[in-house]
2 protein chains.
Amino acid sequence: MGIKERKELEKQEMRRLILDTAMKLFLEKGLENVTIRHIAEKIEYSPATIYLYFKDKDDIIYTLHREGFEQLYKLQQTTLSIRDPLERLRKQGEVYVSFAMENPEYYDLMFIMRGPVKKIKEMKEWDIGFRSFEFLRQNIKECMEAGLFPEANIDIATFSLWSYAHGIVSLIIRDRCTMFPEDKIRNIVDEALDFMLGTMFDNKVEIKS
Amino acid sequence: MGIKERKELEKQEMRRLILDTAMKLFLEKGLENVTIRHIAEKIEYSPATIYLYFKDKDDIIYTLHREGFEQLYKLQQTTLSIRDPLERLRKQGEVYVSFAMENPEYYDLMFIMRGPVKKIKEMKEWDIGFRSFEFLRQNIKECMEAGLFPEANIDIATFSLWSYAHGIVSLIIRDRCTMFPEDKIRNIVDEALDFMLGTMFDNKVEIKS
DNA sequence: TTAATTAACTTAACAGTGTTCAGTTAATGA
DNA sequence: TCATTAACTGAACACTGTTAAGTTAATTAA
């Protein structure tokens, strides 16, 4: 049965081609300016062909959304090499923010766009995003248990730190930071991250000493 | 010249009618599901008529964007009655978050949607949003001068606090908080705000005592 | 009062969107 | 060799924002 397998492989390759082309166009033209017809034209197929590989446009976006979370989770796991949980937490913040700044279109469809959420609710597939949340939560829990983190409800604390990082990058991705010069923005992001973690943890140390 | 004035008045009334209808539909159907044709149908005019009062769809959204900032600024100013700058800052956070939670469509077009930004860049009209940023900045400056706030670059601190509040509400508005039950969300928002302000300021006191 | 002008509005279209369905090829299996 | 299946497309549908030409109605000037 070599043929069936080959067919399946070709099907996967075609899906890959569509996804890669879609993402390339998203990067070039911005998320909202890419149409099914553009993608079709780029891969030199008829628009209708795309619907043989994906249910609809949101299905393409949803798939990229999943792959984005896959990437992000892998990045998050690189922090596991750090022993000190607070250091690891800081690194997680950096990793998250870097991911967003380097892949703004991925970040947008993962955390800002409305499209993918519809699909997720239809399919009841929260687990991918949930896993990343849980990873952060676990890190915060460790910090608390080590007395490095203010005692509080863990869910609230996790949501809070996530919100903070998300706030920074989403204001920039959606272009609400025009009060800062373009070329300083990357610096400001890093400083904002330092500021928040600094005010949360370092001032304790300062006062102790 | 009573007639010219009346005409002008009627023109303004028509603009108002379009804006109010648009906003009502936004609230009903969500921002992305409202079309010019819907608005036109609701006010019982032809779609083309709307283009006699607004340049294009983004112009409508941009105008609502402006009005949203007007509202927000007024709300911000209600905090001026509070003497203690740190208390006032906390209140500002509450006011901001409340505004977002009670007017999610306004918040969305003010701080998330891409549309209005295009218009703002065309017209180079940053001042409305800038004013609110400046107001927060001033409050933080006062806190710093009173020694109530960790010493830091004011711009970074302002951006940071704004980011934090924005992060919380935008994750909820764009439906990324499905790990929390719907009916708990309003509480979680408040607790997250408390958590952040708490870790930033209160733990100083705790350690001293 | 009547004719010319202007304003308010609509009709009908254009180009573009996501999506579907009937039809056409080409590859496969009996 | 022939029937079946898979891959693909052309042409359409129902939408979208937007505009140009045409039609009324209100206003102004004679």
Side-chain angles (χ1 to χ4, degrees), chain A residues 1-19 21-22 25-26 28-65 109 113-119 122, chain B residues 1-19 21-22 25-26 28-65 109 113-119 122:
Chain A
M1 288 240 166
I3 281 174
K4 235 178 191 172
E5 283 160 15
R6 201 200 68 215
K7 289 270 159 161
E8 179 56 27
L9 199 75
E10 279 174 1
K11 188 131 195 161
Q12 287 308 317
E13 275 170 7
M14 185 64 160
R15 278 177 66 92
R16 194 67 267 149
L17 180 64
I18 292 168
L19 290 171
T21 309
L25 288 173
F26 287 154
E28 274 173 32
K29 304 174 172 232
L31 279 167
E32 29 243 37
N33 305 317
V34 177
T35 71
I36 295 287
R37 281 178 172 82
H38 291 156
I39 301 170
E41 197 179 3
K42 200 90 175 181
I43 62 176
E44 293 180 300
Y45 281 88
S46 131
T49 304
I50 289 176
Y51 288 85
L52 302 173
Y53 297 89
F54 292 94
K55 191 178 158 284
D56 52 29
K57 195 185 181 186
D58 276 345
D59 194 23
I60 297 175
I61 291 168
Y62 165 74
T63 307
L64 290 170
H65 166 102
L109 61 86
M113 273 188 72
R114 280 242 158 79
V117 177
K118 279 185 241 162
K119 269 270 140 54
E122 277 174 31
Chain B
M1 292 239 163
I3 282 174
K4 235 179 192 170
E5 284 161 13
R6 203 200 67 215
K7 289 271 158 163
E8 180 55 29
L9 200 74
E10 280 173 0
K11 188 130 195 162
Q12 287 308 315
E13 276 170 5
M14 186 63 161
R15 277 176 67 91
R16 194 66 268 150
L17 179 63
I18 292 168
L19 290 171
T21 309
L25 288 174
F26 286 154
E28 275 173 30
K29 303 173 173 234
L31 279 167
E32 30 244 37
N33 305 316
V34 177
T35 69
I36 295 286
R37 281 179 173 83
H38 291 156
I39 301 170
E41 198 180 2
K42 200 91 175 180
I43 61 176
E44 293 179 301
Y45 281 89
S46 129
T49 304
I50 289 176
Y51 288 85
L52 302 172
Y53 297 89
F54 292 93
K55 191 178 159 284
D56 53 28
K57 196 185 180 187
D58 276 346
D59 194 22
I60 297 175
I61 290 168
Y62 166 73
T63 307
L64 289 170
H65 167 103
L109 61 86
M113 272 187 73
R114 281 243 157 78
V117 177
K118 280 185 240 163
K119 271 269 139 58
E122 277 174 32

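The figures here come from the full heavy-atom set of this structure, side chains too, leaving out hydrogens, waters and symmetry mates.
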Among D:dT9, D:dG17, C:dG18, the one nearest any side-chain atom of B:Ile36 is D:dG17
From CG of A:Leu9 across to P of D:dA7 the rounded distance in Å is 13 Å
| Between D:dT16 and B:His38, is there an OP1 or OP2 to side-chain N/O distance shorter than 4.0 Å? | yes
note: B:Ile39, atom CD1; C:dC9, atom C1'; distance rounded to Å ~ 17 Å
note: A:Ile50, atom CD1; D:dC8, atom C1'; distance rounded to Å ~ 12 Å
Whole-Å distance, A:Tyr53 OH to D:dA7 C1', equals 6 Å
A:Leu31 atom CG is separated from C:dT17 atom C1', nearest whole Å, by 16 Å
| When you look at CD of B:Gln12, are more than 12 heavy atoms from neighbouring residues, nucleotides or ligands closer to it than 6.0 Å? | yes
Quick note, B:Ala48 side chain, CB onward, closest among D:dG17, C:dT10, D:dT9 is C:dT10
| request: Please confirm whether the backbone N or O of B:Tyr53 pairs with a side-chain atom of B:Arg15, one donor and one acceptor, at under 3.5 Å? | output: yes
Rounded to whole Å, CD of A:Glu10 lies from P of C:dA26 at a distance of 16 Å
Do other residues, nucleotides or ligands put more than 12 heavy atoms under 6.0 Å from B:Glu10 CD?
yes
In whole angstroms, the gap separating C1' of C:dT19 from CG of A:Asp58 amounts to 12 Å
With distance as the sole criterion, do the side chain of B:Arg37 and the base of D:dG17 form a donor-acceptor contact below 3.5 Å? yes
May I ask you to verify if any side-chain N or O of A:Ser46 is less than 4.0 angstrom from the OP1 or OP2 atom of D:dC8?
no
Here the gap from B:Ile60 atom CD1 to B:Ile50 atom CD1, rounded to the nearest 0.5 Å, amounts to 5.5 Å
request  = Considering just the side-chain nitrogens and oxygens of B:Thr49, establish if one lies under 4.0 Å of OP1 or OP2 belonging to C:dT10.
outcome  = yes
Taken to the nearest whole Å, NZ/B:Lys29 to P/D:dT16 is 9 Å
Of the candidates C:dC9, C:dT11, D:dA12, the side chain of B:Tyr45 sits closest to C:dC9
Which of A:Arg114, A:Lys119, A:Lys118 passes salt bridge (Lys or Arg N to Asp or Glu O under 4.0 Å) with A:Asp58? Answer is A:Lys118
